[in-house]
Chemist: 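Please find one structure pasted underneath; my questions will follow.
We count residues from 1, following the sequence as given.
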Amino acid sequence: MSDGLLWTTDSVKTILDTPVFTVEAKLQHAEAGPKGTYYSIQGKRCVCIVAEYEGKLIMVRQWRHGSEEITAELPGGVIDEGETPEHAAARELEEESGFRAGKITLLGKINPNPALFNKGSDLHVCLAEELTPTYTLHPDADEVIQNTMVPLTEVIDGLGSGEYTHAFMGTALLMYLRHKRCSESI
């Protein structure tokens with residue numbers, strides 16, 4: 001039962017197409033009557049990796065062009081075409097942090113903001129375990145990154161301030177803490 005909440009798309013026009021996302025203008029109308037043009041973003045599927053090593057979270061520091069500041073965040077990136085979230089997590093972790101995971105577990109997926117992002121723009125959160133340091137980073141050609149390790153409590157206490165402002169990180173940490181709580185109660 002939709003209770004009049006469903007909307008129908010009458011037409012879609014791409015107004016911006018970039019390598020990272022597409023913006024669409026959608027002419028839509030609701031069962032309840034309203035109609036209008038609404039904008040949405042088709043982003044790439046991406047992954048965020050939670051990995052603890054010797055009691056510390058593996059983090060990546062880098063410049064973010066949108067906010068024009070350096071952020072400290074969990075490793076992550078775009079899921080390549082045909083790649084599973086788990087495979088992308090293993091690849092991104094090794095590229096950005098110099099750690100290889102023996103085990104990757106998908107903790108969940110979310111839409112970054114359903115008001116703006118189309119289906120398929122999901123963030124997949126993965127847990128990386130059984131870590132082995134390789135001591136070698138393999139960043140993408142346009143990445144300048146620095147890896148670091150930070151105690152989990154410091155990241156949680158700092159979330160939302162300083163360099164810890166990436167929203168995906170809060171979601172990933174919540175999924176990780178839920179996983180830890182469930183694992184410890186078994």
Chemist: Could you tell me how the ring of F168 sits relative to the ring of H166: parallel (under 30°), tilted (30 to 60°) or perpendicular (over 60°)?
Modeler: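 Aromatic pair F168/H166 classed tilted.
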Chemist: For N113, what residues pass the side chain to side chain donor-acceptor pair (under 3.5 Å) criterion, not counting sequence neighbours?
Modeler: none
Chemist: Keeping the roles fixed (side chain from R178, backbone from L107), state whether a donor-acceptor pair exists under 3.5 Å.
Modeler: yes
Chemist: When you measure from the side chain of R100 to the backbone of R91, do you find a donor-acceptor pair of N or O atoms at a distance under 3.5 Å?
Modeler: no
Chemist: Would you find a donor on one side and an acceptor on the other, under 3.5 Å apart, between the side chain of E96 and the backbone of G76?
Modeler: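 Confirmed, E96 side chain pairs with G76 backbone.
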Chemist: What residues join L93 in its hydrophobic cluster, counting side-chain heavy atom gaps under 4.5 Å, either direct or through other members?
Modeler: V47, I49, Y53, I58, I79, F99, L131, M149
Chemist: Can you check whether L123 reaches V125 side chain to side chain, under 4.5 Å on heavy atoms?
Modeler: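 Yes, their side chains come closer than 4.5 Å.
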Chemist: With a 4.5 Å limit on heavy-atom distance, are the side chains of S67 and R64 in contact?
Modeler: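 SC-SC contact between S67 and R64 confirmed.
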Chemist: Excluding sequence neighbours, so at least two apart, what forms side chain to side chain donor-acceptor pair (under 3.5 Å) with E163?
Modeler: R61
Chemist: Do T148 and V60 have side-chain heavy atoms sitting under 4.5 Å apart?
Modeler: no
Chemist: Using side-chain contact (heavy atoms from CB on, under 4.5 Å) as the criterion, list what pairs up with D17, not counting sequence neighbours.
Modeler: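 If we apply the side-chain contact (heavy atoms from CB on, under 4.5 Å) test to D17, skipping adjacent residues, the hits are T14, T22.
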Chemist: In the hydrophobic clustering (ILVMFWY, side-chain contacts below 4.5 Å, transitive), which residues join I15, or is it alone?
Modeler: L16, V20, F21, V23, Y39, I41, L116, F117
Chemist: Looking at R45 and E83, is any side-chain nitrogen of the basic one under 4.0 Å from a carboxylate oxygen of the acidic one?
Modeler: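 Looking at E83 and R45, the cut-off is not met.
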Chemist: With rounding to the nearest 0.5 angstrom, report the SG to CG distance, C48 to L74.
Modeler: 4.5 Å
Chemist: Applying side-chain contact (heavy atoms from CB on, under 4.5 Å), can you list everything that pairs with S11, at least two apart in sequence or on another chain?
Modeler: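 Residues passing side-chain contact (heavy atoms from CB on, under 4.5 Å) with S11: L27.
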Chemist: Taking side chain as C-beta onward, heavy atoms only, is E24 less than 4.5 Å from S40?
Modeler: yes
Chemist: Using only atom types and a distance under 3.5 Å, with no angle test, would you say the side chain of T165 pairs donor to acceptor with the backbone of S161?
Modeler: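 No, the answer is negative, given that no donor and acceptor are paired below the 3.5 Å cut-off.
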